Protein chains: 2
Amino acid sequence: MNSDFTLAIHSLTFLALQPDRMSTSDSISESAGVHPVRIRKVLSLLKKHGFIKSKEGIGGGFIFGLDLSEVNLWDIYKITSEGALKPKCPESNENCIVGANMQKVLCSIFFGAEEHMGEYLKDYTIKEVVDLVKKSQ
Amino acid sequence: MNSDFTLAIHSLTFLALQPDRMSTSDSISESAGVHPVRIRKVLSLLKKHGFIKSKEGIGGGFIFGLDLSEVNLWDIYKITSEGALKPKCPESNENCIVGANMQKVLCSIFFGAEEHMGEYLKDYTIKEVVDLVKKSQ
DNA sequence: CAATCTGTAATGATTACTATTACAGTACGT
DNA sequence: ACGTACTGTAATAGTAATCATTACAGATTG
């Protein structure tokens, strides 16, 4: 799994703590320790799905668009990383009963595993993550 | 996630269908569509944990060491891929409340997610995978 | 219109993953 | 004893995924 999922959580948590003003990709990237372009790419996705708003130009940046408890980690996972659990299977042998059928069996198992993990991730909203971050201070 | 997990499942399923004779890494690799050395590497791990037996020399190969329903996918996941869910976080900024604490918060969430997925994977033994493969024929 | 931001494409660097080669060690058959 | 057919594993090379960086167009403000 790439780190878009964690960067998205990091960014949203950052924005959650600055509810009244816009934050620039530079300030978020400084907090997360990655390049600002990467932040803009991830946040561009989140914006497309309505979680945040952005504004260009002087005084612009990003700001939360919804209530903190309306956004949970499964929502974010689906946007940034859906399918990441399933490893790409190589072309296996169609003449072998295992090779011919394993891929579809594994796909259905991995799909179920992801859905199941989703039930866990749904229990964490950004509000809860914010609380955890504050508490672990 | 790399494909050691799926290769392990593939190999064990293959062995499950050849319960009376040893299978070589060549025959398994042919079924899975990867290089035999890779199969030997994965099976070496499984052997170390007692799931299979191996024998060198003529007539040698790999064979299942336990009952098919004694081995479930969570066992295999733990051996081959534990921690694969958690993306490597970059060094984030210690001077920022988010940067300083996000990593440990995310680690605990990802750990929980993996454990939760484990509960799902425990429900699939190799026996069940074999049945699914047979059924989807 | 200059300054400061987002948005995004394109390129290069780095790291993870996989294939391949090479060879030592083991077991079997003759 | 010796050749053959295996596993076991290290080392190297090739490929793919990930990430950083550069570049620049478009938007907004003063």
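Protein chains get the first letters and strands the later ones, always in sequence-line order, with residue 1 at the start of each. This one's a predicted model, so the numbers in the text were calculated from it and none came from an experiment.
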Worksheet item: Do B:Thr125 and B:Glu128 meet the criterion of a side-chain donor-acceptor pair at a distance under 3.5 Å?
Response: yes
Discussion item. Just the rounded figure in Å: distance from C1' of C:dT6 to CD1 of A:Ile28.
Written reply: 12 Å
Worksheet item: B:Thr24 side chain N/O closer than 4.0 Å to the phosphate oxygens (OP1, OP2) of D:dC6?
Response: no
Worksheet item: Which value, rounded to the nearest 0.5 Å, describes the distance between A:Leu46 atom CG and A:Asp75 atom CG?
Response: 10.5 Å
Worksheet item: How about B:Ile126 and B:Phe51: do any of their side-chain heavy atoms sit closer than 4.5 Å?
Response: no
Worksheet item: Atom CG of B:Asn2 and atom P of C:dA19: how far apart are they, to the nearest Å?
Response: 11 Å
Item to complete: Show your working on ring-ring contact (aromatic ring centres under 6.0 Å, His included) between A:Phe5 and B:Phe110 and close with a plain yes or no.
Response: CA-CA 11 Å; A:Phe5 182 39; B:Phe110 275 105; 5.7 Å; yes
Discussion item. Give the residues of residues 32-42 of chain A touching DNA chain C, defined as any heavy atom closer than 4.0 Å, sorted by residue number.
Written reply: A:Val37, A:Arg40
Fill in: DNA chain C-proximal residues of residues 50-64 of chain A, any heavy atom under 4.0 Å
A:Ser54, A:Lys55, A:Glu56, A:Gly57, A:Ile58, A:Gly61, A:Phe62
Item to complete: Take atom CG of A:Asp4 and atom P of D:dA20, then tell me their distance rounded to the nearest Å.
Response: 11 Å
Worksheet item: Would B:Ser69 and B:Asp67 count as having a side-chain donor-acceptor pair, cut-off 3.5 Å?
Response: yes
Worksheet item: Should B:Cys107 and B:Lys86 count as side-chain neighbours, where that means a heavy-atom distance under 4.5 Å?
Response: yes
Worksheet item: Does the side chain of A:Ser92 come under 3.5 Å of the side chain of B:His10 through a donor N or O and an acceptor N or O?
Response: no
Practice prompt. Return no unless some side-chain N or O of A:Lys47 is found under 4.0 Å from OP1 or OP2 of C:dG7.
Written response: yes
Discussion item. Here's a test of your reading of the structure: between A:Ser3 and B:Ser44, which maps to the more 5' nucleotide of DNA chain D?
Written reply: B:Ser44
Worksheet, complete the sentence: One should read off an interatomic distance between B:Lys41 NZ and B:His35 NE2, to the nearest 0.5 angstrom, of 10.0 Å
Worksheet entry | Euclidean distance, atom CG of residue B:Leu7 to atom P of C:dC17 [Å, nearest integer] | 13 Å
Worksheet item: Can you find a side-chain donor-acceptor pair between B:Tyr77 and B:Glu114 that sits under 3.5 Å?
Response: yes
Worksheet item: Taking atom P of C:dC17 as reference, at what distance in whole Å does atom CE of B:Met1 sit?
Response: 11 Å
